[in-house]
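Computation of the quantities below employed the complete heavy-atom set of this structure, encompassing side-chain atoms and omitting hydrogens, waters and symmetry-equivalent molecules. Quick caveat, the model's predicted, so the values are computed rather than measured.
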Amino acid sequence: MVHNSQSFLLDVFALDIQRARDHGLATYGIQRDDFELEDLGNDFSSFGRKGEKLRRIYRSTWRMDAIVGVMAEPPVGNSILGEVGTNLM
């Protein structure tokens, strides 16, 4: 959250999600497919504790906003990024 000069909070993460939707960015599932990664479908177990909540919200990784998936996916190796985040970089 960011406090701006007009005395209200701005949810930057929510703005990034909406901005990605406005620009037609591919969903997390589509990006996994583009990078030829395993299709997770409805399996959110790899997201750990967050997985059940994500499953209730999105029902499928093919519907999940890419920024949400990239921020929630488990890191690969010694990186702070997961599979999709690593490929995006």
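- In terms of heavy atoms, Met64 sits closest to Gly69 at CE-CA, 3.8 Å.
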Pair Val84-Leu88, side chain to side chain contact (heavy atoms under 4.5 Å, CB included): steps then yes or no: CA-CA 6 Å; Val84 174; Leu88 286 171; 3.9 Å; yes

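- To the nearest 0.5 Å, the span separating CD1 on Ile30 from OG1 on Thr61 amounts to 10.0 Å.
- Under the 4.5 Å side-chain heavy-atom criterion for Ile, Leu, Val, Met, Phe, Trp and Tyr, Phe13 and Leu54 are members of the same hydrophobic cluster.
- Note that the CG atom of Leu81 and the CE atom of Met89 stand 5.5 Å from one another [nearest 0.5 Å].
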Stepwise side chain to side chain contact (heavy atoms under 4.5 Å, CB included) check, Lys50 with Lys53: CA-CA 6 Å; Lys50 300 168 269 197; Lys53 190 174 280 189; 5.7 Å; no

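- What you find for Ala26 and Ala66 is that their closest heavy atoms are O-CB, 3.3 Å.
- A continuous path of hydrophobic side-chain contacts links Leu40 to Ile57 [ILVMFWY only; heavy atoms under 4.5 Å].
- Between the OG atom in Ser45 and the CD atom in Glu52 there is a gap of 10.5 Å [rounded to 0.5 Å].
- A distance-only check finds a donor-acceptor pair linking the side chain of Arg32 to the backbone of Glu38 [under 3.5 Å].
- When the options Phe44, Phe47, Phe35 are evaluated for a ring-ring contact (aromatic ring centres under 6.0 Å, His included) with Tyr28, the one that passes is Phe47.
- No path of Ile, Leu, Val, Met, Phe, Trp and Tyr side chains, each step under 4.5 Å between heavy atoms, connects Met71 with Leu25, placing them in separate hydrophobic clusters.
- With respect to the salt-bridge test (charged N to carboxylate O, under 4.0 angstrom), the residues Arg21 and Asp65 qualify.
- There is a side-chain donor-acceptor pair under 3.5 Å between Trp62 and Asp39.
- Side-chain atoms of Thr27 never come within 3.5 Å of backbone atoms of Arg63 as a donor-acceptor pair (strictly under, hydrogens ignored).
- Of the possible polar contacts, none joining the Ser79 side chain to the Pro75 backbone as a donor-acceptor pair under 3.5 Å is found.
- Asp16 is linked by a side chain to side chain contact (heavy atoms under 4.5 Å, CB included) to Val12, Arg19, Ile67, counting only residues two or more places apart in sequence or in another chain.
- Asn87 contributes a side-chain N or O that, together with a main-chain N or O of Glu83, makes up a donor-acceptor pair within less than 3.5 Å.
- Under the 4.5 Å side-chain heavy-atom criterion for ILVMFWY residues, a single connected hydrophobic cluster contains both Leu37 and Val68.
- Asp22 and Gln18 share a side-chain donor-acceptor pair at under 3.5 Å.
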